[in-house]
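The block underneath contains the structure these notes are about, expressed in structure tokens.
Start at 1 with the first residue, then count along the sequence.
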Amino acid sequence: MLNKNQIRFCLDKMGEMFPDAHCELTHSNPFELVIAVALSAQCTDVLVNKVTKDLFQKYKTPSDYLNVSLDELQDDIRSIGLYRNKAKNIQKLCRLLLDEYNGVIPQDRDELTKLPGVGRKTANVVVSVAFGVPAIAVDTHVERVSKRLAFCRWKDSVLEVEKSLMKKIPMEEWHITHHRMIFFGRYHCKAQNPQCDVCPLLEVCREGKKRMKEKSTK
């Protein structure tokens, strides 16, 4: 496990590498962000943005999603993985928004997780990006980077990773660190073929050192 100074070193280096890290899901309001994040499960942001470019022109409000048949909505998001289940959740989500929240996205994380298709990760993204509430959403990139760098333990659950990061990273940096870790994992420390040989964090990375050692013995 990295110590406080090593974690500070990693955070600063990620900041130098990705100073403009941000949410790459295209949206213009909290409602669109919820829909986009819900669609992004097991799917790339690039593909989601292709779909929402037309989707957000057609559907502006929760009512719009309920004024079409499930088949029509499924057809509109067909190119996205798990589109059938996502379309059902979107309509259930919109119904609940209208019935319980006057059609407005709640700003409380616990309330957000009551919405169909909205888990803790999605809720953390929404409160952080849309409402500026300090949060760290642990997606596949954040989890991978955290474990490779030993910010946490390999066996930690997603929730344990989140709690570990919240404990070790200053609260005022949660928002930007979440985005920088995603960029670091998406564009540098990739699941396949991470760029260990040119990584500025190699000196403190247990996984990187192990990979480089294995590479040198081949």
- Item | Results of ring pair (Phe, Tyr, Trp, His ring centres under 6.0 Å) for Tyr83 - residues two or more places apart only | none
All salt bridge (charged side-chain N to carboxylate O under 4.0 Å, His left out) counterparts of [X], not counting sequence neighbours:
{"X": "Arg206", "result": "none"}
{"X": "Lys210", "result": "none"}
{"X": "Glu100", "result": "none"}
{"X": "Lys88", "result": "none"}

- Message: Just verifying a value: how many Å separate Ser69 OG and Gln91 CD, rounded to the nearest 0.5 Å?
- Response: 7.5 Å
- Task: State plainly whether the residues Asp110 and Lys114 are in salt-bridge range, i.e. N to O under 4.0 Å.
- Result: no
- Task: Indicate yes or no: does Lys13 engage Glu203 in a salt bridge with an N to O separation below 4.0 Å.
- Result: no
According to side-chain contact (heavy atoms from CB on, under 4.5 Å), who are the partners of [X], at least two apart in sequence or on a separate chain?
{"X": "Thr26", "answer": "Asn49"}
{"X": "Asp54", "answer": "none"}
{"X": "Gln107", "answer": "Phe131"}

- Item | Residue of the set Thr52, Val51, Leu55 for which side chain to side chain contact (heavy atoms under 4.5 Å, CB included) holds with Ile80 | Val51
Please list, one pair per line, the donor and acceptor atoms closer than 3.5 Å that link side chains of residues 176-184 to other protein atoms, with sequence neighbours excluded.
from	atom 1	to	atom 2	distance (Å)
Thr177	OG1	Glu173	O	2.7
His178	ND1	Ala137	O	3.0

- Query: So which pairs with a foot in residues 146-155 pass side-chain hydrogen bond (donor to acceptor under 3.5 Å, both in side chains), sequence neighbours left out?
  - Reply: Glu143-Lys147, Arg153-Asp156
- Query: Can you pull the side-chain hydrogen bond (donor to acceptor under 3.5 Å, both in side chains) pairs that have at least one residue in residues 27-43, sequence neighbours excluded?
  - Reply: Ser28-Glu32
- Note on the structure: So ring pair (Phe, Tyr, Trp, His ring centres under 6.0 Å) across residues 35-80, not counting sequence neighbours, yields Phe31-Tyr65, Tyr59-Tyr65
- Could you tell me which non-hydrogen atom of Cys189 sits nearest to which non-hydrogen atom of Arg144, and how far apart they are? O-NE, 3.1 Å
